[in-house]
> 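Below is one structure. I have some questions about it.
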Amino acid sequence: MPEHATEVTAATIARLAGVGRAAVSNWRRRHADFPQPVGGTDTSPAFALCEVEQWLRDQGKLAEVPLRERVWQQLTGHPGGAVTALVHTGCVLLVLRHRPELWREVSPLADAALAERLPDVLDAVLAERFGRGGRDGRDCWDCQDGRVGQGGQDGREGQGQPGPGGRPVHRRTVNTPGAAELAASVTLLRAVAEFAADAGAQDAFEFLLGRHLDANPRQYTLTPQGPADLMAALAGPAATALDPACGTGTLLRALPGAGARHGQDADPDLAALTGLRLALAGPATVRTAAADSLRADAFPELAADAVLCHPPFNERAWGHDELAYDPRWEYGLPARTESELAWVQHALARLREGGTAVLLMPPAAASRRSGRRIRADLLRRGALRAVVALPPGAAPPYGIPLHLWVLRKPGVTTRPAGELLLVDTSGVEGAAVDGARDRLPWPALHRAVLDAWTAFDRDATLTGQPGVSRSVPVIELLDADVDLAPARHLPPPAAEGGAAALDAVRERLDSTLRTAAGLTPAAPAPAPGARWSLTTVGELARAGALLLHPGGAGTSDDASPAVLTEHDVLAGTAPSGTLPEGPPEEPVLIRAGDVVVPVLGGGAIARVATETDAGAALGRNLQLLRPQPGALDPWFLAGFLRGTANHRQASSHATTASRLDVRRLRLPRLPLADQLRYGEHFRALAAFEDALRLAGRLGEQLVRGLHDGLTDGTLDPGPRKGTEEGDAGQARASSG
């Protein structure tokens, strides 16, 4: 076996073969020639990828590992770790994008010779994209104004200290790896070059970086694409932009145009990955630094057109004591508990006059008493222009409704703004989804926010929409609390569209209840216990009676189909998800008559796809069963798969959540005529279930609307029952 062979776990083998982990365990027990572990532990062994591929191919369980999967497995198995492999990969992809002739020159060399030659090749391209800097990483690059700030990996170099020749020293964030480091990466880099030849250098890196972030969700706090695009649109065109807490560079990448992009992050790995990601995205000038922006600002002289930032929340050790006299605190020294207001003032300090900053903020920053003086000064001087409340699920932490603060740096002659724009997007249709991050209506949210901001930015005032947006005079906000939470200052919307809309909901509910009553199943006739000959889904798949497809694959960087999500199947709703961005990867598209089953603790559920579902992509944690016409009736199949006992015997509970092994689900061997007879009954039950679901949703909508209307005064309860009779009796008593 090669010295740097990639190792994979049983979970990865299952993914390659499109089976559950239980199947891999069975193969290990039943097949003496199954590859032996080469690492890992007794409970989680690791296997050599090359040996596993060959065994799967010999067994007819794998035609060929897709190239992108092979590259990913090699990256995760890199002896230096996945981040090191990503950095090496990004450097070579930069060569392929900007100087492909250099790669063509060295790629025919043997592995050892290639590792020796690559540092010179990489250094030449890195110098072009990130400025001067040798392999020792000691030379500096220049900012636009000819000066450089601190930004070394120790967070201290260059902080006003002159280097050789009297110039400040800056360590280039993406340093050129040496031959010894690259020796373990040569096989991976050759595969990456092959992958990039088909997908493109940028898409190849986005795919690998996205996979790494998905595989390590607790390691990184990411900004999703929806809020990133909205923040970029609020900032507007920017020739020079900064993100002082750049993470993986999503905010800077969302900005259009080819201006200069500056990013800084306290994590050196993230700073390097951001630099590579932005350099691969286009011709923009890219400068990234690894240091804490509050304590060691790498761009002290920058005057940016736009600053975008998703700062760390609720940090107590942000530098309150050592930064007490920092000139950036123009609006007041932030309290120790107000780290977010320190980031707000840092952003304003790095803007040119009239420049725009957009920060993603926790909702408490708009209301905490400890920050009221700074908020008041931001309002008085016209620096804070808008506060936008996003729905829960927009960005981490997903359980709370985060805010966007839009700021503009006042000029010497700028007249302070008289009003503040407040927007609450929880009132946008479809936004109330209980913190479900994958189902927010981002196009509608973008329209609501940008329409309000565009009109307010043009006219400095906005009448707005009840419950969604309005501009508030600053003088009304400068009370003892200076509470800027939008919901506290917006007039309530009409209850569910007003009385007329509630009447329409009530009429639709009446109709749905009548329909459900008509669909109520008749009392079933008793029958003796069935003595069927049973088969399993796995046996039917091997016999060719149906096809199995796991969900979750598929990406798109263009227009893409809607995605049928796990929630859609459980709730009985239409496809509502979207494919993740990345290099185009063919998703599994649903056809009418397919049967879709959730595989993670969803209960006994199976959905027969209709024409409404046709063309949608299959989402994660779903399994698609496609019966062969003339062999299996889809309604018969779905009905028997929903049996409670069937699910119980096919589920495993190795972790805190149960997982369904679809191949173990059983159903009787019946001729097609009997299948159709059962299928009609199962179809009728599904129609009854759909009617009950719709009635439940309409009932909740009606109750919520009536409660809101009665409590906010837009609906009147009418006369008290018996009031007329009581009044008449009282009148008679008075006359007597």
> Under a 3.5 Å distance rule, please check whether Asp594 uses its side chain to pair with a backbone N or O of Leu624 as donor and acceptor.
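Not confirmed, Asp594 side chain does not pair with Leu624 backbone.
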
> Kindly compute the distance separating CG (Leu273) from OG1 (Thr89), expressed to the nearest 0.5 Å.
10.0 Å

> Got a donor-acceptor contact below 3.5 angstrom from the Arg97 side chain to the Gln202 backbone?
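Such a contact is absent between Arg97 side chain and Gln202 backbone.
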
> Between Trp103 and Val121, is a side-chain contact (heavy atoms from CB on, under 4.5 Å) present by the stated rule, with each step listed?
CA-CA 8 Å; Trp103 177 256; Val121 172; over 6 Å; no

> Between Thr356 and Leu351, does the side-chain contact (heavy atoms from CB on, under 4.5 Å) criterion hold? Intermediate values first, please.
CA-CA 7 Å; Thr356 303; Leu351 285 174; 5.7 Å; no

> Kindly say whether Ala291 contributes a backbone atom to a donor-acceptor pair with the side chain of Gln264 at under 3.5 angstrom?
yes

> Within the 4.5 Å heavy-atom criterion, are Val563 and Pro575 side-chain neighbours or not?
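Contact flag for Val563/Pro575 side chains = no.
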
> A side-chain contact here means heavy atoms from C-beta on lying under 4.5 Å apart; do Trp343 and Leu294 qualify?
yes

> Any side-chain heavy-atom pair from Leu86 and Leu75 closer than 4.5 angstrom?
yes

> Got a second to check how far Asp269's CG is from Tyr220's OH, nearest 0.5 Å?
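One gets 6.5 Å once the value is rounded to the nearest 0.5 Å.
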
> For the residue pair Arg253 and Thr274, confirm or rule out a side-chain donor-acceptor distance under 3.5 Å.
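Per modelled atom types, Arg253 and Thr274 side chains form no pair under 3.5 Å.
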
> To the nearest 0.5 Å, what is the distance between CG on Asp265 and OG on Ser293?
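Atom-to-atom, Asp265:CG and Ser293:OG are 7.5 Å apart.
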
> Supply the atom-to-atom distance Phe195 CZ to Gln74 CD, rounded to the nearest 0.5 angstrom.
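Nearest 0.5 Å value for the CZ-CD distance: 12.0 Å.
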
> For residues Ala395 and Leu360, report the shortest heavy-atom separation together with the two atoms involved.
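Looks like CB-CD2, 3.8 Å.
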
> On the ring face of Phe299, is Arg350 found with NZ or CZ under 6.0 Å from the centre and within 45° of the axis?
no

> Using 30° and 60° as the class boundaries, would you call the ring planes of His78 and His88 parallel, tilted or perpendicular?
perpendicular

> Can you list the steps and then say if Cys91 with Leu276 is a side-chain contact (heavy atoms from CB on, under 4.5 Å)?
CA-CA 7 Å; Cys91 291; Leu276 292 167; 4.3 Å; yes

> Do you know the tightest heavy-atom contact between Leu280 and Gly90?
CD1-O, 4.4 Å

> Measure from the side-chain N and O atoms of Gln623 to the backbone N and O of Arg663, and report whether any donor-acceptor pair falls under 3.5 Å.
no

> Less than 4.0 Å between a side-chain N and a carboxylate O, is that true for Arg70 and Glu194?
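Salt bridge between Glu194 and Arg70, a charged N being under 4.0 Å from a carboxylate O: no.
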
> Could I get the full list of salt bridge (Lys or Arg N to Asp or Glu O under 4.0 Å) partners for Glu128, not counting sequence neighbours?
Arg99

> For Ala289 and Ala298, work out which heavy atoms get closest and say how close.
CB-CB, 3.4 Å

> Work out which heavy atom in Pro244 is nearest to a heavy atom in Val307; give both atom names and the distance.
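Minimum heavy-atom separation between Pro244 and Val307: CD-CG1, 3.9 Å.
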
> Would you check if the side chain of Asp123 reaches a backbone N or O of Pro119 as a donor-acceptor pair within less than 3.5 Å?
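Not at all, since once roles are kept as given, no pair shorter than 3.5 Å links the two residues.
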
> Given 3.5 Å as the limit, does a donor-acceptor pair link the side chain of Arg211 with the main chain of Trp72, or not?
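No; zero donor-acceptor contacts below 3.5 Å.
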
> Does Ala279 offer a backbone N or O that forms a donor-acceptor pair with the side chain of Arg129 under 3.5 Å?
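Here the side-chain-to-backbone pair exists.
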
> If you define the side chain from C-beta out and look only at heavy atoms, does anything of Val125 sit under 4.5 Å from Phe130?
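A side-chain contact under 4.5 Å is absent here.
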
> Do Leu182 and Leu189 come close enough that some side-chain heavy atom pair is under 4.5 Å?
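Yes, close enough: below the 4.5 Å cut-off.
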
> Could you tell me the separation between the CG atom of Leu308 and the CG atom of Leu234, rounded to the nearest 0.5 Å?
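CG of Leu234 is found 9.0 Å from CG of Leu308.
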
> Could I get the full list of side chain to side chain contact (heavy atoms under 4.5 Å, CB included) partners for Asn26, not counting sequence neighbours?
Arg29, Arg30

> Decide yes or no on side-chain contact (heavy atoms from CB on, under 4.5 Å) for Thr250 and Leu222, but give the supporting numbers first.
CA-CA 8 Å; Thr250 302; Leu222 305 177; 6.0 Å; no

> Is there side-chain contact between Thr221 and Pro312, with at least one heavy-atom pair below 4.5 Å?
no

> Should the pair Arg190-Asp111 be classified as a salt bridge under the 4.0 Å nitrogen-to-oxygen rule?
yes

> Using every non-hydrogen atom in the two residues, find where Val358 and Ala235 come nearest and quote the distance to one decimal.
CG2-N, 3.9 Å

> Distance alone, cut at 3.5 Å: any donor-acceptor contact between the side chains of His262 and Thr240?
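There is no such pair between these side chains.
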
> Could you check whether any side-chain N or O of Asn621 sits under 3.5 Å from a backbone N or O of Val599, counting only pairs where one atom can act as donor and the other as acceptor?
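The answer is no, because no donor-acceptor pair under 3.5 Å joins these two groups.
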
> Is there a side-chain contact between Ser576 and Thr565 in this structure, where contact means two heavy atoms from C-beta onward sitting under 4.5 Å apart?
yes

> Which heavy atom of Leu114 sits nearest a heavy atom of Val106, and at what distance?
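So the two residues come closest at CD1-O, 3.4 Å.
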
> Do the side chains of Pro177 and Val87 get nearer than 4.5 Å, heavy atoms only?
no

> Let me confirm one number: the CG-CG distance from Leu242 to Leu252, rounded to the nearest 0.5 Å.
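Spacing of CG (Leu242) from CG (Leu252) equals 7.5 Å.
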
> Using modelled atom types and a 3.5 Å cut-off, is there a donor and acceptor pairing between side-chain atoms of Glu181 and backbone atoms of Gly178?
yes

